[in-house]
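Along the sequence shown, the residues carry numbers beginning at 1.
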Amino acid sequence: MWEEHKKFIIGIGGTAIGLLLFYLMVLSPIWEETVGLREKQAGLRLNIKKQSQRGFFQSQTGLKNLRDEHERLIKKLNGLKNRVNFRVTPEYALAMSGSDMLIDFHQNLQETRQRLKKMAIGKGVVMPASLGFPQADIQSTAIPTYFEKLDMMNQLVPLALESGCREILKVGWEKDFPELVSGVIEEKKLFSKNMIGLEAKGSFSAVTRFIYALQTAPRLLPIERISVTNENPEVDSVNIKVLVSGIKIKD
């Protein structure tokens, strides 16, 4: 029985471990501690090894239980993928499919700038002029990534404004936030990342609302790194720097 189903059993073990790794590498940077997940992963490896050595998989009942567990893990993994997997909104997806993406990108960049500036003015907030995009020497192969960043900014900035942040100090790429990039989990075979950052100021309650809005938005932009500081404890003015990612699950 073990030799006959060895490939299937090892595959299920890999699925279970992969699920924990996925949670560890992608979702845990949001809020969860990684220590417990590492222990669960190690425990799962040990348990599968012990069960196989004791002959647990040598009966049809044991194999059925394993298949049921496999199906449960697959459903849970698919649910996590659907929640995390970044999908470009129709507006930007349509522009990306145009015959001249470079022209479409510049047009969308200007439109997004104007839209965000108008929204900021309506809230009495000053927006930086630059969103971190290069003005020249743009490679055609990089344009889809640019569209994704633009789409993410079109979600991130309004969340900060609607939460009550009174200043938007900087919006840009990960290269514009070197102090946050250090320590970010690198891309793995399981997924790729496209990251942007934002720096803002606001009251403690406004910054709290902003963080909460990021975590509960219909389209998740997981927080990679975050810095919250208050230089003067006597003043209710908090500075927040946040690096978020659009995660694309690889098939």
**Q** At their closest point, which heavy atom of M127 faces which heavy atom of A120, and how far apart are they?
**A** CG-CB, 3.2 Å
**Q** Could you check E224, R225, K193 and say which one makes a side-chain hydrogen bond (donor to acceptor under 3.5 Å, both in side chains) with S245?
**A** E224
**Q** Mark yes when over 12 heavy atoms from residues, nucleotides or ligands other than Q110 sit less than 6.0 Å from its CD; otherwise mark no.
**A** yes
**Q** With rounding to the nearest 0.5 Å, note down the distance linking CD in E162 to NZ in K123.
**A** 6.0 Å
**Q** Once you measure the plane-to-plane angle for Y146 and F105, does it fall in the parallel (<30°), tilted (30-60°) or perpendicular (>60°) bin?
**A** tilted
**Q** Would you say F133 and I138 make side-chain contact, with heavy atoms under 4.5 Å?
**A** no
**Q** Where do V238 and S203 come nearest, in terms of heavy atoms and distance?
**A** CG2-C, 4.4 Å
**Q** If two hydrophobic side chains count as joined below 4.5 Å and joins carry through other members, does Y212 share a cluster with L156?
**A** no
**Q** Taking side chain as C-beta onward, heavy atoms only, is F210 less than 4.5 Å from L198?
**A** yes
**Q** What closest approach, in Å, do S227 and L180 show between heavy atoms, and which atom pair accounts for it?
**A** CB-CD2, 4.1 Å
**Q** For V235 versus N230, what's the shortest heavy-atom pair and its separation?
**A** O-ND2, 3.3 Å
**Q** Enumerate, atom names and distances included, each donor-acceptor pair closer than 3.5 Å involving a side-chain atom of residues 168-178, sequence neighbours excluded.
**A**
unit_1	atom_1	unit_2	atom_2	d
K170	NZ	D176	O	2.8
E174	OE1	K149	NZ	2.8
D176	OD2	W173	N	2.8

**Q** To the nearest 0.5 Å, what is the distance between CD1 on I240 and CD on E167?
**A** 14.0 Å
**Q** Give the cluster check for V228 versus F204: same hydrophobic cluster or not, with ILVMFWY residues linked at side-chain heavy-atom distances below 4.5 Å.
**A** yes
**Q** Does P158 reach the side chain of R115, with side-chain heavy atoms less than 4.5 Å apart?
**A** no
**Q** K248 and N194: side chain to side chain contact (heavy atoms under 4.5 Å, CB included), yes or no, with the steps?
**A** CA-CA 8 Å; K248 297 170 76 173; N194 197 353; over 6 Å; no
**Q** What's the spacing between I143 CD1 and L150 CG if we round to 0.5 Å?
**A** 12.0 Å
**Q** Can you tell if the side chain of V157 reaches within under 4.5 Å of the side chain of M119, non-hydrogen atoms only?
**A** no
**Q** Is the count of non-hydrogen atoms from other residues, nucleotides or ligands lying under 6.0 Å from Q139 atom CD greater than 12?
**A** no
**Q** Calculate, to the nearest 0.5 Å, the distance between atoms CD and CG belonging to Q114 and L116 respectively.
**A** 9.5 Å
**Q** Could you walk me through whether T89 and R219 satisfy the side chain to side chain contact (heavy atoms under 4.5 Å, CB included) test, starting with their C-alpha distance in whole Å, then the side-chain angles of each, then the deciding distance to 0.1 Å, before giving a yes or no?
**A** CA-CA 10 Å; T89 54; R219 184 177 66 168; 3.6 Å; yes
**Q** Calculate, to the nearest 0.5 Å, the distance between atoms CD and CE belonging to Q107 and M101 respectively.
**A** 14.5 Å
**Q** Kindly work out whether a path of hydrophobic side-chain contacts (I/L/V/M/F/W/Y, heavy atoms less than 4.5 Å apart) joins L102 to V88.
**A** yes
**Q** If you compare all heavy atoms of A206 against all heavy atoms of C165, which two are closest, and at what distance to 0.1 Å?
**A** CB-N, 4.0 Å
**Q** Is a side-chain donor-acceptor pair under 3.5 Å present for T112 with N154?
**A** no
**Q** Could you state the interatomic distance from CD (E199) to CG (L243), rounded to the nearest 0.5 Å?
**A** 12.5 Å
**Q** Determine the minimum heavy-atom distance between R166 and G202, stating which atoms define it.
**A** NH1-C, 3.8 Å
**Q** Test K117 against R113 for side chain to side chain contact (heavy atoms under 4.5 Å, CB included), laying out the working first.
**A** CA-CA 6 Å; K117 182 179 178 181; R113 272 192 191 134; 6.0 Å; no
